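The structure presented is a predicted model; accordingly, all values stated were derived computationally and were not measured.
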Amino acid sequence: MNTRRDFLQKMGASALMLQLGSISAFANATDQIEQPYEGRVLRVAIMGLGGYGTRVAEALKACTKAKLVGVISGTPSKIKEWQTKYNIPEKNCYNYDNFDQVKNNPDIDAIYVITPNALHHSQVIRVAKAGKHAICEKPMALNAKEGQEMVDACKKANVKLLVGYRLHFEPRTLEVIRMRNAGDFGQIRFFQGQCGFKAGDPTQWRLNKALAGGGSMMDIGIYAINGARYMVGEEPIWVTAQETKTDPVKFKEGVDETIQFQLGFPGGAVASCLSSYNINHLDRFFMSGDKGFAEMQPSTGYGPIKGRTHKGELMQPITTHQTVQMDEMATIIFEDKKPVVPVNGEEGLKDLKIIDSIYEAVKTGKKIKLTA
């Protein structure tokens with residue numbers, strides 16, 4: 001028969017277990033609290049203080065591993081404005097003529113080049129010669145020849161060259177890649193990438209062949225190329241392409257309005273993609289495999305990225321792309337971290353080779369074989 005003493009002993013033991021459980025839970029919760037970052041901080045100067053440069057500067061405010069410390073611009077009034085807004089010292093301010101002197105400035109580690117496409121090549125090479133790490137907006141250059149020269153210059157100078165592929169760090173994009181690697185989609189058969197909007201101001205540099213190197217393909221078509229590669233998980237082996245131009249006044253010779261292109265992959269998958277400066281509401285990736293699918297829409301915008309798979313809606317955290325990008329790039333530069341999808345110069349070069357071949361396919365009407 002149970003006695004009162006037995007009852008009290010059992011109650012005491014239960015209470016002790018609950019107490020120990022609470023202490024354990026508290027300890028686990030304490031372990032999960034993110035500790036302040038105490039490592040080396042990447043000190044960044046932004047070159048090109050336009051709209052996207054401003055977006056990166058604002059995103060850097062929330063970074064723990066990177067911070068804005070300098071500016072490079074051809075507009076003195078912008079430099080003054082940024083000095084005040086971001087508390088940038090005079091010694092860290094340069095223009096396009098004198099920024100080579102940054103080699104004598106130990107307070108800047110890297111320069112983020114956010115200028116028109118045609119300037120990337122010469123500016124990144126100058127950054128490398130100054131002994132600073134280079135981060136370059138996409139497309140990395142106007143063509144693969146320029147891209148290779150940039151890669152070579154940075155290797156020679158023993159500095160890193162990274163490209164602003166912010167989506168390579170985006171949580172929902174990475175989840176699709178994780179699922180593909182885990183075999184959740186089975187054999188990949190098809191990818192579709194649609195990137196387009198109506199370009200506004202006809203005098204903007206993006207519609208200037210000399211500065212942009214092309215039209216929609218150089219600006220947003222590269223998203224479909226890059227997306228096809230990281231979602232399928234292979235490098236394409238052939239490409240075909242067709243151009244449509246309905247407004248030759250706005251989209252002059254050498255400035256593509258709309259290009260459709262197709263890619264073939266060694267595993268048998270095919271991709272059908274579209275890039276346009278004259279069609280709105282195009283920001284969608286779709287991938288189909290033998291076991292399932294992934295759809296992302298918006299797929300490349302600044303956020304939030306939305307998507308679903310055959311298993312349901314993607315619910316990974318919504319992030320500020322450029323904040324995550326810059327913190328991750330700091331670890332790549334200082335700790336040689338290897339991201340799931342590369343963002344180095346070689347990665348940028350792969351996209352440039354495909355763009356070169358797309359333009360060749362448009363011009364010749366031929367199916368172009370792609371080489372590594």
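Remark: Ala45 pairs with Ile108, Ile111 by the side-chain contact (heavy atoms from CB on, under 4.5 Å) rule, at least two apart or across chains. Contacts of Lys145 classified as salt bridge (Lys or Arg N to Asp or Glu O under 4.0 Å), with partners at least two apart in sequence or in another chain: Glu149. Partners of Pro202 under the side-chain contact (heavy atoms from CB on, under 4.5 Å) rule, at least two apart in sequence or in another chain, are Lys250. In this structure, the side-chain contact (heavy atoms from CB on, under 4.5 Å) partners of Thr203, at least two apart in sequence or on a different chain, are Asp201. In terms of the side-chain contact (heavy atoms from CB on, under 4.5 Å) criterion, Asn87 has no residue partners (sequence neighbours excluded).
Listed by first then second residue, pairs satisfying salt bridge (charged side-chain N to carboxylate O under 4.0 Å, His left out) with a partner in residues 213-227 read Lys138-Asp219, Arg206-Asp219, not counting sequence neighbours. Among residues at least two apart or in separate chains, salt bridge (charged side-chain N to carboxylate O under 4.0 Å, His left out) pairs with a member in residues 118-137 are Asp100-Arg126.
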* To do: Verify side-chain hydrogen bond (donor to acceptor under 3.5 Å, both in side chains) between Asn278 and Glu257, making sure each step is shown before the conclusion.
  => CA-CA 6 Å; Asn278 203 27; Glu257 174 187 325; 3.1 Å; yes
* To do: Quick one: do Glu175 and Arg180 satisfy salt bridge (Lys or Arg N to Asp or Glu O under 4.0 Å)? Show the steps, please.
  => CA-CA 9 Å; Glu175 174 61 11; Arg180 187 211 61 229; over 6 Å; no
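Between His281 and Phe197, the gap from one ring centroid to the other reaches at least 6.0 Å.
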Per-pair distances, 0.1 Å, donor-acceptor, side chain in residues 156-170, under 3.5 Å, sequence neighbours excluded:
residue : atom : partner : partner atom : Å
Tyr165  : OH   : Asp351  : OD2          : 2.6
Arg166  : NH1  : Thr300  : O            : 3.1
Arg166  : NH1  : Gly301  : O            : 3.2
Arg166  : NH1  : His321  : ND1          : 2.9
Arg166  : NH2  : Tyr223  : OH           : 3.0
Arg166  : NH2  : Thr300  : O            : 2.6
His168  : ND1  : Pro342  : O            : 2.8
His168  : NE2  : Asn226  : OD1          : 2.6
Glu170  : OE1  : Arg172  : N            : 3.1
Glu170  : OE1  : Thr173  : N            : 2.7
Glu170  : OE1  : Thr173  : OG1          : 2.8
Glu170  : OE2  : Arg172  : N            : 3.2

Side-chain donor/acceptor pairs under 3.5 Å, residues 51-62, sequence neighbours excluded:
residue : atom : partner : partner atom : Å
Tyr52   : OH   : Gln322  : NE2          : 3.1
Thr54   : OG1  : Gly50   : O            : 2.9
Glu58   : OE1  : Lys61   : NZ           : 3.1
Glu58   : OE2  : Lys61   : NZ           : 3.3
Glu58   : OE2  : Tyr86   : OH           : 2.5

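Side-chain contact check for Ser216 and Ser276: no donor-acceptor pair (N or O, by modelled atom type) lies under 3.5 Å. Side chains of Asp256 and Tyr277: no donor on one and acceptor on the other come within 3.5 Å.
Here Ile237 sits in one hydrophobic cluster together with Phe190, Trp238, Val270, Phe286, Phe293; the rule is ILVMFWY side chains under 4.5 Å apart, joined directly or through other members. Annotation for Leu211: hydrophobic cluster partners, listed by chain and number, are Trp205 (ILVMFWY side-chain heavy atoms under 4.5 Å, direct or chained). With side-chain heavy atoms closer than 4.5 Å counting as contact, directly or through intermediates, the hydrophobic cluster containing Val41 also holds Tyr37.
For Lys209 and Glu253, the salt-bridge test fails: no basic side-chain N is under 4.0 Å from an acidic carboxylate O.
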